[in-house]
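Comments concern the structure below.
Bear in mind that the values here come from a model prediction, so they are computed numbers and not experimental data. All values below come from the heavy atoms of this structure, side chains included, with hydrogens, waters and symmetry mates left out.
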Amino acid sequence: MPVPVPRQRAIPAVECGQAPAASPDSGPSTEQAPPGTRPAENPVTQRENAREIPTEKREKPTDTSTPGTGTTGTPGTESGTTGTGTARTPSGRTENAVPTNLTVLLIEDDPAGSPIVPDLLDQAGKPIRVRTARNLTEAGRLLTDDVHCILLDLALSAPAAPAPARAGGEGTGDGEGAGAGTDELAVLRHVLELAPRHAVLALTSSSDAERGAEAVAVGAQDYLFRDELDGRLLSRAIRYAVERKRSDSAERRLAEGRVRAQENRRLERGLLPTPLLAGSPLSFAARYRPGRSRALLGGDFYDVVRTPDGTVHAMIGDVCGHGPDEAALGVELRIAWRALTLAGLCGDELLGTLQQVLEHERSDDEIFATLCAVDISPDGRRAGLCLAGHPSPLIAAPGVPARLLPYDNNGPALGLLPGARWPRMQVELGAEWSLMLYTDGLIEGHVGEGRERLGQDGMVEMVRRQRAEGLRGEELLRAAVNEVRELNGGELADDVAVVLLDRTA
């Protein structure tokens with residue numbers, strides 16, 4: 001069928017000199033534009049292959065006094081029967097009388113020019129607007145964002161070329177027998193490729209139900225028999241097809257989101273460290289809770305490795321912020337720390353090199369990171385401690401209450417001061433001990449509904465009590481993190497990382 005005639009103004013025949021003016025009391029002239037013709041759609045000009053039905057074949061409006069009730073419009077236009085609802089002004093122009101909510105694109109090439117779509121109303125009783133295209137080229141031009149559903153006549157000839165929508169290309173599907181010997185559903189497949197986000201209803205004959213079922217299997221939302229159509233049935237089918245397409249699209253996006261989330265979880269899980277403690281008498285436990293919702297990795301990072309000389313190196317750090325960029329930077333710093341440690345660096349030299357890595361990798365000059373690093377001697381009785389703006393570790397031993405290690409020589413956070421130094425302190429651990437490294441997410445949670453925070457003193461008292469209850473290792477860390485969450489009244493806003501190293505006599 002012909003292409004819709006998008007133009008700025010419908011010129012009556014009387015104005016262009018092609019027909020005599022009609023008297024005021026007479027009905028509309030058959031030479032004038034039908035009442036259903038839409039006056040304007042977009043600035044695209046009328047195609048030269050748009051066909052006009054002879055005057056004697058046009059159906060006159062059944063009720064000229066009520067605009068928008070639906071009369072048979074000229075094929076190739078946006079018809080008022082099918083949904084625009086128009087009214088004729090005294091000057092002969094047509095104007096929209098009823099706004100439409102749904103727009104349908106009909107693709108069919110009936111050589112007789114007889115419309116196959118009856119009057120359509122949406123659920124609110126408003127007319128459904130229908131655009132008509134007689135081939136895939138015209139369909140591609142009329143398929144704009146405001147089209148909700150496509151009605152495709154499966155009797156449409158198959159396209160003669162694989163790319164009918166090329167700019168300046170000639171329309172396909174017009175010739176007789178153009179699709180001979182091709183896939184019967186080739187047109188449908190092409191429409192589905194052309195409009196992957198639109199609902200598609202297939203129209204077929206009542207004697208070819210199998211073809212309609214195949215169309216649904218290929219991707220159409222439903223099929224209808226063109227020789228049994230009525231306005232109510234078709235209107236309902238269009239609404240259901242649109243909603244079904246929306247539901248399918250939402251389900252597909254949800255499935256894609258789940259796949260991406262699973263991939264992200266696998267990636268983040270792979271970025272968490274695997275401690276290298278083979279041959280060491282120390283036991284290791286860790287607890288990690290990112291502040292981001294549904295994330296496995298935050299801006300906190302930690303690692304533990306044993307070098308060939310038997311020294312155990314442990315580190316924990318915190319990049320300011322807790323988004324994906326901070327998580328990525330934390331992973332980079334952790335990997336750099338491990339490489340530098342295995343290369344033999346420690347103390348001030350190692351932290352100075354880490355600061356250079358941070359300065360090169362951070363996205364903003366204001367981003368910094370705190371860090372605590374300890375190196376435990378092979379005999380396990382002594383350790384070197386370096387602090388870069390980070391809370392001091394907690395140490396506990398049998399018969400000795402938990403306490404904080406000295407933090408008087410705490411250096412600045414990494415990335416704050418160029419050329420900064422981080423002194424290494426020597427601390428005595430004893431024969432049997434537990435050393436806990438943590439990030440500030442563990443101590444900055446609120447206590448109750450007020451503004452008071454747990455703080456380091458509150459954490460020390462909590463660990464003392466839990467150790468007195470016999471909690472050790474992973475159980476101790478789990479109980480500590482859970483109690484901090486309970487005191488905060490819910491999830492903590494910041495990332496939390498805790499590492500526990502134990503040495504038994």
Side-chain angles (χ1 to χ4, degrees), residues 1 4 36 38 68-70 72-73 78-85 98-108 110 115-133 136 139-140 142-156 184-257:
M1 296 193 58
R38 184 177 176 87
T69 57
T72 301
E78 290 196 9
S79 160
T81 60
T82 50
T84 49
V98 181
T100 58
N101 292 329
L102 288 177
T103 301
V104 174
L105 176 61
L106 170 65
I107 308 176
E108 60 95 17
D110 184 4
I116 62 175
V117 177
D119 297 354
L120 300 177
L121 298 177
D122 63 13
Q123 195 169 8
K126 299 178 181 179
I128 297 176
R129 181 173 56 187
V130 175
R131 297 175 182 173
T132 304
L136 297 180
L142 296 175
L143 190 61
T144 54
D145 292 339
D146 59 339
V147 173
H148 299 87
C149 183
I150 297 174
L151 297 179
L152 174 63
D153 186 0
L154 295 182
L156 186 71
E184 292 184 348
L185 297 177
V187 176
L188 173 60
R189 299 179 196 276
H190 188 93
V191 169
L192 292 175
E193 292 178 2
L194 186 67
R197 298 188 300 272
H198 291 74
V200 177
L201 280 175
L203 303 179
T204 186
S205 64
S206 56
S207 61
D208 200 4
E210 183 177 354
R211 192 179 186 190
E214 292 175 355
V216 174
V218 168
Q221 271 59 58
D222 204 348
Y223 72 93
L224 299 171
F225 298 136
R226 76 171 72 86
D227 45 356
E228 296 180 4
L229 287 181
D230 64 72
R232 183 177 180 183
L233 170 65
L234 183 55
S235 299
R236 184 170 65 248
I238 290 172
R239 295 197 302 270
Y240 288 172
V242 170
E243 292 304 320
R244 192 176 302 118
K245 183 65 176 180
R246 290 176 179 171
S247 176
D248 293 344
S249 299
E251 184 176 354
R252 184 180 66 255
R253 289 193 297 270
L254 180 61
E256 292 173 351

Practice task
Might you confirm whether atom CD of Glu210 has over 12 heavy atoms from other residues, nucleotides or ligands at distances under 6.0 Å?
Solution key: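 Counting other residues, nucleotides and ligands, CD of Glu210 stays at 12 neighbours or fewer.
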Problem - Phe225, CZ: over 12 other non-hydrogen atoms inside 6.0 angstrom - result: yes
Taking the side chain as everything from C-beta on, heavy atoms only, tell me whether [X] gets closer than 4.5 Å to [Y].
X      : Y      : result
Asp208 : Leu154 : no
Arg239 : His148 : no
Val200 : Leu192 : yes
Leu188 : Leu152 : yes

To check you understand the geometry: which heavy-atom pair defines the closest contact between [X] and [Y], and what is its length?
X      : Y      : value
Ala133 : Ala139 : CB-N, 3.6 Å
Gln221 : His198 : OE1-O, 4.1 Å
Val242 : Cys149 : CG2-CB, 3.9 Å
Ala237 : Leu224 : CB-CD1, 3.7 Å
Leu194 : Leu136 : CD2-O, 4.5 Å
Arg131 : Thr144 : NH1-OG1, 2.7 Å

Mind checking the [atom1]-[atom2] spacing from [X] to [Y]? Nearest 0.5 Å is all I need.
X      : Y      : atom1 : atom2 : result
Leu201 : Leu106 : CG    : CG    : 11.0 Å
Thr132 : Leu142 : OG1   : CG    : 8.5 Å
Asp146 : Leu102 : CG    : CG    : 11.0 Å

Practice task
Step by step, work out the side chain to side chain contact (heavy atoms under 4.5 Å, CB included) result for Ile107 and Val187.
Solution key: CA-CA 10 Å; Ile107 308 176; Val187 176; 5.7 Å; no
Problem - Val104, Ile238, Leu105 screened by side chain to side chain contact (heavy atoms under 4.5 Å, CB included) with Val130, the one that passes - result: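 Exactly one pass, corresponding to Val104.
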Practice task
Show the numbers, then the answer: is there a salt bridge (Lys or Arg N to Asp or Glu O under 4.0 Å) between Arg246 and Glu243?
Solution key: CA-CA 5 Å; Arg246 290 176 179 171; Glu243 292 304 320; 3.0 Å; yes
Problem - Residues Ser205 and Arg211: side-chain donor-acceptor under 3.5 angstrom - result: no
Handout entry: Check: Arg129/Thr103 side-chain N/O donor and acceptor closer than 3.5 Å
Key =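 A donor-acceptor contact under 3.5 Å links the two side chains.
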Problem - SB check Lys245 Asp222 (cutoff 4.0 Å) - result: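 No salt bridge links Lys245 with Asp222.
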